[in-house]
Amino acid sequence: MPRSLKARLALVLVLCVIVGDIGYLLVQRARNTIHIRRDAAYASVPDVAVVEPKPAPPTVSMTLPGTLSAWYEAPIYAQASGYVKMWYKDYGANVKTGDILAEINSPRLDAEYAQAQADLKVLQAKFGLAAITANRWRAMGQSQAVSGQSVSVQNANEQAAHAELEAAQHKVDAYTAQIRFKTVVAPFDGVVIARNINVGDYVGAGSGNMNANGTTSELFMVADTHAMRLFVSVPETFSSILKPGLLAKVVVPQFPNTTFTAKFLTIAKGFDPNTRTVVTEFTIDNPDQKLWPGSFASVTITAPADKGIYTVPTGTLVFQEHGMQVATVDGQDIAHFHNITVGRMSDSYTEVDAGVTPADRIINNPPADLLEGQKVRIASPATGYLSTPPATATDTTTTEEDE
């Protein structure tokens, strides 16, 4: 074969390879462009997961901390200054109304009382003399033996002596009352839950036991524990269930396997601005005095819930300038925003009072750039990803699910 023919064939072969390579590159580029456009079109439609509103349970339940207090609880202070002569009731003693708790030795008060009694006797004698003198002058005045002015003076002296006598009698009565306070008695039937005195302690009138640092404390604390008062701070979102007839289950640490029943008594009708809670008072019968004042209590309150309320995951909520909203998907997979009225909220689920229906498909965790009327693609979550929602939306730190 001539050399020139071989050269031509080699050139043709090279040109074919180049043309084929260029063609392949052009075809591959076209394919890549198509794939990129298709991927871009696919990515322009966001994938979303949807959930349906679940009807709220017929009851709402929450567990809150509470504090037990006695039915009556009285700190007893001294009304007479002196030194403790003797105390007769110790911690835990059962007492009846009028039982002697302690006696106070008050020499100064005794001396003042004796002085007041002596002053009373003096004024009694003065009044007797003034009355006799006035009677004589009135008799002489009738016979015109003395002037009318003199009779008026003696009458005034009698009245002044009588007034001084009454003042002295009231003073003696006041000291008599103070003398009675030397004996400290129980104000009602109950149990002594505190004793802060010992023999020889100095106590001050109107205060109590004088400590080494100059402060005072009550002599005794007496509590009536035939029934207990239970105080619970209820969040304002649950205050609507607090009504007469409401019952609560109570458990205390010292009896973990015993459940006590508390009855609703009253509500403060005002919220604490710091905690947004309202003080609620319950009563518990305590005939065997198993419950003690000051005890911590775990209080479970269960009440009928309002009808027509649904629960949705808290992640579905959208906070916008128009208020609280959720994003729903219609039959054409178009997203729409709807205003809702939110009830009780928790970390996981929220109650919706108005704005949703059971047939709504609500976007869970909607994208931040989702727009009204935007096309979306509904994605099915993997098995076990989307768990069944709980029975109610309640605070995880203060409430429990109603099983």
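Numbering starts at 1 and runs along the sequence shown. Basis for what follows: all heavy atoms, side chains included, without hydrogens, waters or symmetry-related copies.
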Keeping to residues at least two apart or across chains, list the ring-ring contact (aromatic ring centres under 6.0 Å, His included) pairs with something in residues 284-310.
-> none

Closest heavy-atom contact between Ala327 and Leu370?
-> CB-CD2, 4.1 Å

Test log, rule side chain to side chain contact (heavy atoms under 4.5 Å, CB included), inputs Asp201 and Val199 | CA-CA 6 Å; Asp201 285 350; Val199 175; over 6 Å; no

Under the side chain to side chain donor-acceptor pair (under 3.5 Å) test, residues paired with Gln159 that sit two or more places apart = none

Smallest separation among heavy atoms of Ala223 and Ile193, with atom names = CB-CD1, 3.9 Å

What distance separates Asn105 CG from Lys182 NZ, expressed to the nearest 0.5 Å?
-> 6.0 Å

Between Thr328 and Arg361, is any pair of side-chain heavy atoms under 4.5 Å apart?
-> no

Atom NZ of Lys375 with >12 non-hydrogen neighbours under 6.0 angstrom | yes

Residue pair Ser348 / Thr314, side-chain donor-acceptor N/O under 3.5 Å | no

Side chains of His336 and Glu372: is there a donor and an acceptor less than 3.5 Å apart?
-> yes

With sequence neighbours excluded, what pairs up with Asp369 under the side-chain contact (heavy atoms from CB on, under 4.5 Å) test?
-> Pro367

Which pairs pass side-chain hydrogen bond (donor to acceptor under 3.5 Å, both in side chains) with one or both residues in residues 220-230, sequence neighbours excluded?
-> Asp224-His226, Thr225-Gln289, Arg229-Glu281

Heavy-atom check, side chain of Thr280 versus side chain of Ile301, under 4.5 Å = no

Can you check side chain to side chain contact (heavy atoms under 4.5 Å, CB included) on Val51 and Val312, steps first, answer last?
-> CA-CA 8 Å; Val51 295; Val312 297; 5.6 Å; no

By ring-ring contact (aromatic ring centres under 6.0 Å, His included), Phe127 pairs with (sequence neighbours left out) His162

Only one of Asp330, Ile334, Val50, Val48 passes side-chain contact (heavy atoms from CB on, under 4.5 Å) with Val376; say which it is.
-> Val48

Report yes if the side chains of Phe220 and Ile197 come closer than 4.5 Å at any heavy-atom pair, otherwise no.
-> yes

Between Pro75 and Glu73, the two heavy atoms sitting closest are CD-O, 3.8 Å

Under 3.5 Å donor-acceptor pairs involving side-chain atoms of residues 247-274, not counting sequence neighbours:
unit_1 : atom_1 : unit_2 : atom_2 : d
Gln254 : NE2    : Ser295 : OG     : 3.3
Asp272 : OD1    : Asn274 : N      : 2.9

Roughly how far, to the nearest 0.5 Å, is the CD atom of Gln149 from the CD atom of Gln154?
-> 10.5 Å

Answer yes or no: is there a donor N or O on one side and an acceptor on the other, between the side chain of Asp47 and the main chain of Ala379, under 3.5 Å?
-> no

The side chain to side chain donor-acceptor pair (under 3.5 Å) partners of Asn94 (sequence neighbours excluded) come to none

Tell me, which pairs form a salt bridge (charged side-chain N to carboxylate O under 4.0 Å, His left out) where one or both residues lie in residues 77-87, sequence neighbours left out?
-> none

Close side-chain approach of Leu101 and Trp87, heavy atoms under 4.5 Å | no

Given the rule in the side chain to side chain contact (heavy atoms under 4.5 Å, CB included) test, do Val329 and Ile363 qualify, once you have shown the distances and angles that lead to the verdict?
-> CA-CA 7 Å; Val329 180; Ile363 300 177; 3.6 Å; yes

How close do Val203 and Ala80 get, heavy atom to heavy atom, and via which atoms?
-> CG2-O, 4.0 Å

Closest heavy-atom pair and its distance - Ala161, Ala130 | CB-CB, 3.8 Å

Sorted by chain and number, sequence neighbours left out, side chain to side chain donor-acceptor pair (under 3.5 Å) with Thr316 holds for none

What's the spacing between Asp119 CG and Glu112 CD if we round to 0.5 Å?
-> 11.5 Å

Decide yes or no for Met324 and Leu317: does some side-chain heavy atom of the first lie under 4.5 Å from some side-chain heavy atom of the second?
-> yes

By side chain to side chain donor-acceptor pair (under 3.5 Å), Asp360 pairs with (sequence neighbours left out) Thr357

Any side-chain heavy atom of Arg195 sitting closer than 4.5 Å to one from Lys89?
-> no

From Leu68 CG over to Phe231 CZ, what is the distance, rounded to the nearest 0.5 angstrom?
-> 10.0 Å

Side chain to side chain, Glu218 and Asn196, heavy atoms closer than 4.5 Å = yes

Are Val95 and Val222 close enough that some pair of their side-chain heavy atoms sits under 4.5 Å apart?
-> yes

Value for CD1 (Ile104) from OH (Tyr83), rounded to nearest 0.5 Å, stands at 12.5 Å

Closest approach of Met228 to Pro293 (non-hydrogen atoms, all atoms of both residues) = CE-N, 3.6 Å

For Asp189, which residues count as a side-chain contact (heavy atoms from CB on, under 4.5 Å) partner, sequence neighbours excluded?
-> Lys96, Thr97

Between atom CD1 of Ile179 and atom OH of Tyr113, what is the distance when rounded to the nearest 0.5 Å?
-> 7.0 Å

Any donor-acceptor pair under 3.5 Å from Ser81 side chain to Ala205 backbone = yes

Is a side-chain donor or acceptor of Asp173 paired with a backbone partner of Ala177 at a separation under 3.5 angstrom?
-> no

Scan the side chains in residues 232-246 for donor-acceptor partners under 3.5 Å anywhere in the protein, sequence neighbours excluded, and list what turns up.
unit_1 : atom_1 : unit_2 : atom_2 : d
Ser239 : OG     : Glu236 : O      : 2.8

